[in-house]
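Here is the structure we will look at, set down as structure tokens.
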Amino acid sequence: MDFEDIINFWIKSLSDIDSVLEEITNKDETQKFLIDTLQDQLFATGEDGNGVSLGEYSPVTVRIKRAKGDPTDRVTLLDTGAFYESYFITPFKGGFFIDADGKKESTNLFVRYGDDILKPNQESLILISDYYESALIEYFTDVF
């Protein structure tokens, strides 16, 4: 690859960066990272992406959670694991969409807690940004 080829490659790549990001987001390892990051955030903080607490457990639920060894000081939305297991990422040019199945027995988690339970908080955004920075460096390094 000569100098002109390199310049043309960079011009094309930078003008189509959204496609590169979509390609990175389509990778299984990226989707796993995004889902793990968002699940870890929700479990660790008991807050939505805006830092709003999801509330407290009832005394009955606290006893059940304590017996199972689960956290009782915050609502984690991890009971059976069905909600966490339903997370999925839909990549598109310019970004990605995060969703999950919020229907849990007779409750819809999105109605009860809001759509922001899937929203990344500032710490998660930094982790995601760092991940994409590394992925972009690797992507362009592999080309050469």
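Proximity of Phe96 to Gln31: side-chain heavy atoms (C-beta onward) are nowhere separated by under 4.5 Å. The side-chain heavy atoms of Glu23 and Tyr139, taken from C-beta on, include a pair separated by under 4.5 Å. Considering only heavy atoms from C-beta on, Glu133 stays 4.5 Å or farther from Leu136 through its side chain. Inter-residue side-chain proximity for Ser134 and Ile137 is flagged as unmet; no heavy-atom pair is nearer than 4.5 Å.
Between Leu54 and Tyr113, the closest heavy-atom pair is O-CE2, 3.2 Å. Across every non-hydrogen atom of Ile98 and Pro120, the tightest pair is CD1-CD, 4.4 Å.
One distance of note links CD1 of Ile117 with CG of Leu42; it measures 6.5 Å at 0.5 Å rounding. To the nearest 0.5 Å, the span separating CG on Leu21 from CG on Asn26 amounts to 11.5 Å. Atom CG of Asn121 and atom CG of Asp116 lie 11.5 Å apart (nearest 0.5 Å). How far CG of Asp115 is from NZ of Lys119: 11.0 Å, rounded to the nearest 0.5 Å. The structure places CD of Gln39 at 9.5 Å from CG of Leu118, a figure rounded to the nearest 0.5 Å.
A side-chain donor-acceptor contact under 3.5 Å links Thr30 to the backbone of Ile24. A distance-only check finds no donor-acceptor pair linking the side chain of Asn50 to the backbone of Val52 [under 3.5 Å]. Looking only at distances, a side-chain donor or acceptor of Arg74 sits under 3.5 Å from a matching main-chain atom of Phe43. Here the side chain of Thr107 pairs no donor or acceptor atom with the backbone of Leu109 at under 3.5 angstrom.
Checked against side chain to side chain donor-acceptor pair (under 3.5 Å), Gln41 has the following partners two or more places apart in sequence or in another chain: Ser124. Partners of Glu105 by side-chain contact (heavy atoms from CB on, under 4.5 Å), not counting sequence neighbours: none found. Asp48 is linked by a side chain to side chain donor-acceptor pair (under 3.5 Å) to nothing, counting only residues two or more places apart in sequence or in another chain.
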List the atom pairs, with distances to 0.1 Å, where a side-chain N or O of residues 63-70 and a protein N or O form a donor-acceptor pair under 3.5 Å, not counting sequence neighbours.
unit_1	atom_1	unit_2	atom_2	d
Lys65	NZ	Leu78	O	2.9
Lys68	NZ	Asp79	OD1	2.7

Do any side-chain atoms of residues 85-93 form donor-acceptor pairs under 3.5 angstrom with protein atoms, and if so which ones, sequence neighbours left out?
unit_1	atom_1	unit_2	atom_2	d
Ser86	OG	Phe83	O	2.7
Ser86	OG	Asp101	N	2.8
Lys93	NZ	Ser19	OG	3.2

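Ile126 and Phe33 are not part of a single hydrophobic cluster, where members link through side-chain heavy atoms under 4.5 Å apart. At a threshold of 4.5 Å between side-chain heavy atoms, the hydrophobic network of Ile, Leu, Val, Met, Phe, Trp and Tyr places Ile128 and Ile17 in one connected group.
At a cut-off of 3.5 Å, with distance as the only test, a side-chain donor of Tyr132 or Thr25 sits close to an acceptor on the other residue. Side-chain contact annotation: Thr72 with Tyr57, donor-acceptor N/O pair under 3.5 Å absent.
Listed by first and then second residue, the salt bridge (charged side-chain N to carboxylate O under 4.0 Å, His left out) pairs that reach into residues 28-38 are Lys32-Asp36, sequence neighbours excluded.
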